[in-house]
Amino acid sequence: MNVFGLCVTVIVFGISVEAQLNSTCNSNDSMVLKRFMNGMETAIDGWTSNSSNCCDWDGITCDSSGKVVKLELSRKRLVGTLADSLASLNQLRTLNLSRNLLKGNLPTSLFHLPHLEILDLSANEFSGSFPSSVNLPSIQLLDLSDNNLEGPIAPGLCINSTGVKELKLGVNYFNGEIPPEFENCSFLEHLCLDANLVSGIIPEYLFKLPRLLRLSLQDNNIIGQLHNTNPSNLVYFDVSLNLISGNLPDFFHTFPNLSYFAAHSNNLFGRIPPSLLNSGSITSLILRNNSLIGSIDINCSAMISLTFLDLADNKFLGTIPDNLPACPKLKMIDLGGNNLTGQIPESFKRFESLSYLSLSMCNLNNISGSLNVLQHCPNLTTLVLGGSFDNEEIPSDSNLQFKSLKTLVIPNCKLTGKIPNWLNGLTKLRILDLSWNQLNGPIPPFLGNLSSIVYLDLSNNFLDGMIPKTLTQLPGLRSRNISLEVSLDFPIFMRRAMNGKVLYYSYGIRFPPTLDLSNNFLTGEISPEFGNLKNLHILNLKYNELSGSIPENLANLSSIESIDLSHNDLCGEIPVSLVRLGMLSKFSVAYNNLTGIIPSGGQFSTFSSSNFEGNPGLCGEFVLNCREVEDLLEKQESEEEEEVTMIGLPVWTGFGTGFVLSVVLLVVVPRIRDTKRTDKFE
Ligand SMILES: *[C@@H]1O[C@H](CO)[C@@H](O)[C@H](O)[C@H]1NC(C)=O
Ligand SMILES: *[C@@H]1O[C@H](CO)[C@@H](O)[C@H](O)[C@H]1NC(C)=O
Ligand SMILES: *[C@@H]1O[C@H](CO)[C@@H](O)[C@H](O)[C@H]1NC(C)=O
Ligand SMILES: *[C@@H]1O[C@H](CO)[C@@H](O)[C@H](O)[C@H]1NC(C)=O
Ligand SMILES: *[C@@H]1O[C@H](CO)[C@@H](O)[C@H](O)[C@H]1NC(C)=O
Ligand SMILES: *[C@@H]1O[C@H](CO)[C@@H](O)[C@H](O)[C@H]1NC(C)=O
Ligand SMILES: *[C@@H]1O[C@H](CO)[C@@H](O)[C@H](O)[C@H]1NC(C)=O
Ligand SMILES: *[C@@H]1O[C@H](CO)[C@@H](O)[C@H](O)[C@H]1NC(C)=O
Ligand SMILES: *[C@@H]1O[C@H](CO)[C@@H](O)[C@H](O)[C@H]1NC(C)=O
Ligand SMILES: *[C@@H]1O[C@H](CO)[C@@H](O)[C@H](O)[C@H]1NC(C)=O
Ligand SMILES: *[C@@H]1O[C@H](CO)[C@@H](O)[C@H](O)[C@H]1NC(C)=O
Ligand SMILES: *[C@@H]1O[C@H](CO)[C@@H](O)[C@H](O)[C@H]1NC(C)=O
């Protein structure tokens, strides 16, 4: 999915399909197209000179008289500027040049074509402002999204071009208020101004536009309170990431068809109004990251369409509402980051539609009882409980069963006990994160039987013993064909980053294939069979007590991006074969007892000396020269007492450090945790 996915509605314009007409190109139009082609810095595929009839060229459609009516050249990587002469194609009905590298100002003459119905110049690099004079009497769809346009929002558009149905101006730098003459664009069905600098309030006349179904204003500077009195047809309304303040008005009866309502990341406070808690049309309600208060009082007899409820990161109080299973279609719930207390209610045993549940950073207790209840939810695939429990024992009851579970994320709860046997039955599990707890004992070999695992994070616990060899057999980490994304059927948010590029926010966090066993007390050698994990992207074994040498076979980790073996007791040389790892961007073996010469070449030329420090016997170009090392070693033999030594139990700092899942809203970048653990040292 991409930014345009946000703005898409299916609208059939009733344009007749052009027949294969074999017409001969109008000579004037032919000249215009040749001039257009010559103006491009790149050649246009399929516009070779072997046919002089431009009606035969790729992306060109002519009418029976040979006049060009469609010019469709999207995704051709065309570089250049558009000349005003294109407007001489005065019969043009469709102009689609989306997804190229076109730059410069928009040619103003293009905005005066009498027959133009579709103008799509999205995803280019146009700059400048919206043309000051527009007369597109036939226009139905105008898409200028994802460019660098600035200035006022489509001024004057609705004076001459009132028939426009879809107006997409998202991901630009348009500023100022929504212009009052939009009132006259009475055919508007879809307005998208996402990710601009729109200010002012949302004018009430927008809601009155008789045909407007989708209004998307996310990531702007819109202020004020929401207000509406007359019935509106809106189906989709997104004002997320703005500066809307005040209470959510009790006005949802004026939106009888509203299905998607998102207002996350504003300054909303107060309670959720009754008209929203009783809306029969809402399917997705996304109000996370506001200051809403009170208890969560959904009326499930009324909210019969509700599928997705996201009220995370607000100030709700009380217990987890026990009536939620009565909402007939509710599948996905995120109530994390609220001060919800108690345990998962017994009623959840009958929650058949529940598929995704996130309650991270709540204030729950009784993890045993809670898991006991949730195991009865037949469709539960994702369970996120990070930071929600405090210092309880992880249940060891081997009868616990989660047949559908694909994602289990319970970090940061100071859970005690051993890694439980009931995990053995989770054959669909792809992601297991039990990091930052106080689990002890060995890593059980059965984890290697969990055939779907692609992400295993057991870091920051008190685990000891050897790393079971079975972990090197995990099929999900061995086969390169396993997909990396955990796809949740969730909305995607996007906003512009500082560098002008668009970031995509998603509930479907990207978990790169990972094995993270760092910050434990693991002993023994690193088995050469780790080299079999060809799908592994991140291998983190730092801060353990691993000994022996670094196996040559790690050079077979063909997908690996990050290897951290620092702060162990490894000896021997760094295998030269590791320079073959072309994707490796992070590598550390600091603070071991390695000797010999640091391999050079390949990615190794990009690693700084800090990744090798703390190995007195190691030398290389940019660390120390090899003679100095020999001198140093001699000196150290007498001073060995002064060396840093590991001390007993680490100090647990609790929440905060390295904790990512408190907010499930994440940018789609690899999640590489890099926490300094100086507390293991004196
Ligand atoms: C156009 O030409 C193609 C072959 O080049 C032919 O099959 C088709 O019938 C022609 N159409 C018309 C309307 O002449
Ligand atoms: C080309 O344009 C000229 C000037 O507008 C016009 O006189 C002429 O008829 C046009 N030719 C064709 C083939 O349309
Ligand atoms: C132009 O000629 C090339 C090579 O002869 C051929 O492959 C291509 O299909 C021709 N293009 C058109 C539009 O006729
Ligand atoms: C323009 O072309 C692209 C790629 O073919 C397509 O995805 C897009 O829908 C087109 N735009 C319009 C308005 O039809
Ligand atoms: C409306 O169209 C006329 C005729 O093309 C043009 O002169 C005028 O500038 C247009 N008005 C706006 C506001 O674009
Ligand atoms: C809407 O159009 C009417 C009639 O053309 C005009 O009188 C009115 O001023 C327009 N409204 C705005 C806000 O431009
Ligand atoms: C809501 O949808 C129904 C059916 O799709 C339609 O008849 C009605 O006009 C829409 N608008 C309002 C305000 O109810
Ligand atoms: C939460 O909302 C604030 C504005 O109210 C915004 O600055 C911040 O980025 C939002 N946080 C997230 C994680 O979206
Ligand atoms: C809940 O919804 C039902 C059905 O619409 C309605 O009869 C009932 O009064 C509502 N309860 C509350 C407390 O609003
Ligand atoms: C959460 O609520 C409980 C009881 O409702 C209260 O004792 C506690 O102080 C609250 N915690 C926070 C962080 O507000
Ligand atoms: C449970 O999941 C199955 C398969 O995805 C689906 O067909 C079924 O409708 C779901 N049950 C409920 C109650 O949603
Ligand atoms: C480092 O390795 C050497 C042998 O290569 C051994 O003699 C020495 O004791 C080791 N040092 C530590 C701190 O383990």
Side-chain angles (χ1 to χ4, degrees), residues 1-15 17-18 23-35 45-46 52-55 58-78 85 87-100 102 109-110 116-124 136 138-147 164-170 189-190 192 250 252-253 256 271-282 294-306 321 323-324 326-328:
M1 183 144 163
N2 57 49
V3 46
F4 303 100
L6 286 172
C7 299
V8 168
T9 44
V10 181
I11 290 178
V12 180
F13 290 120
I15 298 164
V17 178
E18 302 296 329
S23 30
T24 307
C25 191
N26 174 286
S27 58
N28 289 342
D29 285 7
S30 185
M31 237 150 59
V32 172
L33 290 178
K34 277 182 188 149
R35 227 180 300 157
D45 285 346
S52 58
N53 183 2
C54 77
C55 297
D58 265 16
I60 304 291
T61 310
C62 299
D63 65 8
S64 54
S65 72
K67 297 286 263 178
V68 174
V69 295
K70 285 188 186 175
L71 176 52
E72 295 169 300
L73 289 174
S74 50
R75 295 176 193 273
K76 299 275 189 201
R77 314 202 112 253
L78 299 178
S85 60
S88 312
L89 304 175
N90 54 14
Q91 296 297 313
L92 209 55
R93 296 210 296 255
T94 298
L95 178 57
N96 186 349
L97 296 172
S98 66
R99 290 163 192 265
N100 283 298
L102 302 171
S109 56
L110 280 184
L116 198 63
E117 291 165 356
I118 294 176
L119 178 56
D120 185 349
L121 299 176
S122 62
N124 279 293
L136 295 170
S138 308
I139 197 77
Q140 304 199 16
L141 187 154
L142 179 55
D143 190 348
L144 302 178
S145 40
D146 200 2
N147 279 290
V164 64
K165 289 180 178 172
E166 281 192 66
L167 180 58
K168 301 183 185 180
L169 303 175
E189 294 174 2
H190 182 182
C192 179
D250 194 9
F252 288 87
H253 52 276
R271 291 168 184 272
I272 305 181
S275 58
L276 185 51
L277 294 169
N278 288 281
S279 162
S281 62
I282 295 278
S295 54
I296 297 167
D297 246 342
I298 308 280
N299 183 352
C300 285
S301 324
M303 295 202 83
I304 49 174
S305 310
L306 188 65
N323 69 330
L324 290 178
C327 289

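In this text the structure is predicted, and so the values were computed from the model without any measurement. Computed over heavy atoms, backbone and side chain alike; hydrogens, waters and symmetry mates excluded. In listed order, ligands and their atoms are each counted from 1.
Residue N28 approaches ligand 2 through these ligand atoms, each under 4.0 Å from one of its heavy atoms: 1 (C), 2 (O), 3 (C), 8 (C), 10 (C), 11 (N), 12 (C), 14 (O). In the vicinity of S98, heavy-atom distances shorter than 4.0 Å reach the ligand 4 atoms 1 (C), 2 (O), 3 (C). Listed by number with element, the atoms of ligand 2 under 4.0 angstrom from any heavy atom of N26 are 12 (C), 13 (C), 14 (O). Within the listing of ligand 4, atoms 1 (C), 2 (O), 3 (C), 8 (C), 10 (C), 11 (N), 12 (C) sit less than 4.0 angstrom from a heavy atom of N96. Listed by atom number, the atoms of ligand 4 under 4.0 Å from I118 heavy atoms are 13 (C). Set against the non-hydrogen atoms of L141, the atoms of ligand 4 under 4.0 Å away are 13 (C).
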Per-pair distances, ligand 9 N/O vs protein N/O, less than 3.5 Å:
| from | atom 1 | to | atom 2 | distance (Å) |
| --- | --- | --- | --- | --- |
| ligand 9 | 2 (O) | N299 | OD1 | 3.3 |
| ligand 9 | 2 (O) | N299 | ND2 | 2.4 |
| ligand 9 | 11 (N) | N299 | ND2 | 2.8 |
| ligand 9 | 14 (O) | N299 | ND2 | 3.4 |

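Less than 2.5 angstrom separates the SG atom of C54 from that of C25.
Residue contacts with ligand 4 for D143 are absent, since no atom lies close enough (heavy atoms, distance under 4.0 Å).
For the pair L73 and L97, the tightest heavy-atom approach, listed with the atom from each and the gap, is CB-CD2, 3.8 Å. Taking all atoms of both residues into account, the shortest heavy-atom contact from T61 to E72 is OG1-OE1, 4.5 Å.
Contact of the L116 side chain with the L95 side chain is registered, since non-hydrogen atoms from C-beta on lie closer than 4.5 Å. Residues V68 and L92 have side chains in contact (heavy-atom distance under 4.5 Å, counting atoms from C-beta outward). No side-chain heavy atom of I272 sits under 4.5 Å from any side-chain heavy atom of D297. Put simply, the side chain of L119 does not reach to within 4.5 Å of the side chain of D143, judged on heavy atoms.
Looking at R75 next to ligand 4, no N or O pair under 3.5 Å apart turns up. Annotation: S27 places no N or O atom under 3.5 Å from an N or O atom of ligand 2; distance criterion only.
The side chain to side chain contact (heavy atoms under 4.5 Å, CB included) test with F252 is passed by exactly one of S275, P274, S281: S275.
Without hydrogens or angle criteria, N53 side chain to C55 main chain gives a donor-acceptor distance under 3.5 Å. Remark: side-chain polar atoms of D29 are not paired, donor with acceptor, to backbone N or O of S27 under 3.5 angstrom.
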